[in-house]
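Here is how names work: the chains are called A, B, and so on, in the same order as the sequence lines, proteins then strands, and each is numbered from 1.
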Amino acid sequence: MDFLNKDFYAQPTLKLAQSLLGCQLVKETKEGIASGYIIETEAYLGPDDQAAHSYKNKRTKRTEVMFGPAGYAYTYVMHTHCLVNVVSGLAGIPEAVLIRAVEPLSGIDLMYKRRGDKKEKDLTNGPGKLTKALGITQQDYGHPFNVPPLYITHGYEPDHISQGKRIGIENSGDARDYPWRFWVTGSKFVSR
DNA sequence: CCTTCGATCTACT
DNA sequence: GTAGATCGAAGGA
């Protein structure tokens, strides 16, 4: 299996956020395997990022994993949904990359079963939607992304990457305008 | 214990 | 594009 290794996750967070585009996010459950290409991410840079949960090194039970080494899953429940991040940065530096959207690749039947009868593009075009479609839950908190049942493998090289402001952080002061959102240019599966 | 607050989604205009 | 739902976690008493 072509798992991404530690050198990959050791990249600076902003670069990692772009490198993750086109990679495959895979989740195995007893119901089957579901996977998709990552096509939209957002970077959250620890202590200096007003929009990050780890702003000012805020450390709680939930943000704890971000203070560890890169390559682990940071799952967080909010608004009745579960979001998933890839922890980045060295141990002690709480940075992470939020996965905002993926393009369905395999296990699409399973996604329809979990999400209900929707259009294909509505299966995974949002942070809370993709976790439900893939079956990612709070139980995956702290899981390393290079061992089953949850892992990331190499995918394809996107033709072109777009960059822009992050979404859903209107109340985060100056941080709301930081251009730390990345997506595959032209993809139909970006959240907006 | 009790109050507040979202890194969202959905439906509806 | 925008308002409303909704519930677990965080933080204060």
Side-chain angles (χ1 to χ4, degrees), chain A residues 12-14 16-18 20-21 25 27 34 36 38-68 70-89 93-104 111-143 145 150 152 162-184 187-192:
Chain A
T13 300
L14 287 174
L16 177 65
Q18 298 169 66
L20 281 169
L21 297 174
L25 177 64
K27 168 75 191 212
I38 297 171
I39 52 87
E40 186 180 0
T41 61
E42 275 180 12
Y44 284 86
L45 302 200
D48 299 324
D49 184 356
Q50 218 172 134
H53 292 157
S54 51
Y55 180 52
K56 286 184 178 168
N57 283 315
K58 187 168 168 184
R59 195 163 187 157
T60 66
K61 238 184 225 171
R62 285 305 163 212
T63 63
E64 184 65 31
V65 70
M66 283 200 281
F67 289 82
Y72 288 79
Y74 168 41
T75 54
Y76 180 80
V77 179
M78 63 102 49
H79 287 88
T80 76
H81 298 281
C82 181
L83 313 192
V84 62
N85 298 244
V86 178
V87 174
S88 63
I93 302 176
E95 300 182 346
V97 177
L98 168 68
I99 298 176
R100 284 196 62 86
V102 304
E103 176 179 339
M111 296 186 194
Y112 275 112
K113 191 175 156 193
R114 288 166 173 157
R115 293 270 305 135
D117 200 15
K118 315 255 182 195
K119 296 173 191 165
E120 184 179 22
K121 63 165 279 199
D122 289 325
L123 286 174
T124 56
N125 65 337
K129 300 181 193 177
L130 77 90
T131 54
K132 188 171 181 189
L134 293 183
I136 294 171
T137 69
Q138 230 4 45
Q139 298 199 343
D140 295 306
Y141 179 87
H143 182 87
F145 273 116
L150 176 64
I152 296 175
S162 298
Q163 178 172 11
K165 294 178 186 177
R166 291 177 293 181
I167 290 175
I169 52 169
E170 304 297 310
N171 298 320
S172 299
D174 296 338
R176 102 186 112 189
D177 293 326
Y178 297 170
W180 291 345
R181 171 177 171 238
F182 304 94
W183 67 96
V184 176
S187 174
K188 295 176 185 172
F189 294 92
V190 293
S191 51
R192 34 183 98 163

What does Leu98(A) touch in the nucleic acid at a heavy-atom separation under 4.0 angstrom: a base, only the sugar-phosphate, or nothing? base

What is the distance, rounded to the nearest whole Å, between atom NZ of Lys61(A) and atom C1' of dG8(C)? 13 Å

His79(A) NE2 to dT8(B) C1', straight-line distance once rounded to whole Å: 6 Å

Using a cut-off of strictly less than 4.0 Å, decide whether Lys58(A) has a side-chain nitrogen or oxygen near OP1 or OP2 of dA10(C). no

List the steps, then state whether side chain to side chain contact (heavy atoms under 4.5 Å, CB included) holds for Lys118(A) with Met111(A). CA-CA 10 Å; Lys118(A) 315 255 182 195; Met111(A) 296 186 194; over 6 Å; no

Determine: side-chain N/O of Arg115(A) to OP1/OP2 of dT10(B), distance under 4.0 Å, yes or no. yes

If I take atom CD in residue Gln138(A) and atom P in nucleotide dA10(C), what distance separates them, rounded to the nearest angstrom? 9 Å

Verify the neighbour count for atom CD of Glu64(A): are there more than 12 heavy atoms of other residues, nucleotides or ligands below 6.0 Å? yes

Check this one for me: any side-chain N or O of Lys132(A) less than 4.0 Å away from OP1 or OP2 of dC9(B)? no

4.5 Å side-chain heavy-atom contact, Glu42(A) and Ile169(A): no

Contact between Tyr178(A) and Leu45(A) at the side-chain level, heavy atoms closer than 4.5 Å - yes or no? no

From CG of Asn125(A) across to P of dC9(B) the rounded distance in Å is 8 Å

Side-chain N or O of His53(A) versus OP1/OP2 of dA7(B): is the shortest distance under 4.0 Å? yes

Length of the CD-C1' vector between Glu170(A) and dA7(B), whole Å: 12 Å

To the nearest Å, how far apart are Tyr55(A) OH and dG11(C) P? 15 Å

Which base, if any, makes a Watson-Crick or G-U wobble pair with dT10(B), both distances under 3.5 Å? dA3(C)

Under 4.0 Å between a side-chain N or O of Arg100(A) and OP1 or OP2 of dT8(B)? yes

Select base, sugar-phosphate, or nothing to describe what Tyr74(A) touches, counting heavy atoms under 4.0 Å on all strands. base

How would you label the contact of Tyr76(A) with the nucleic acid (heavy atoms, under 4.0 Å): base, sugar-phosphate, or nothing? nothing

Please figure out whether Asn171(A) or Leu130(A) has its closest DNA chain B nucleotide nearer the 5' end. Asn171(A)

Stacked cation flag Arg100(A) on Phe182(A), 6.0 angstrom / 45 deg: no

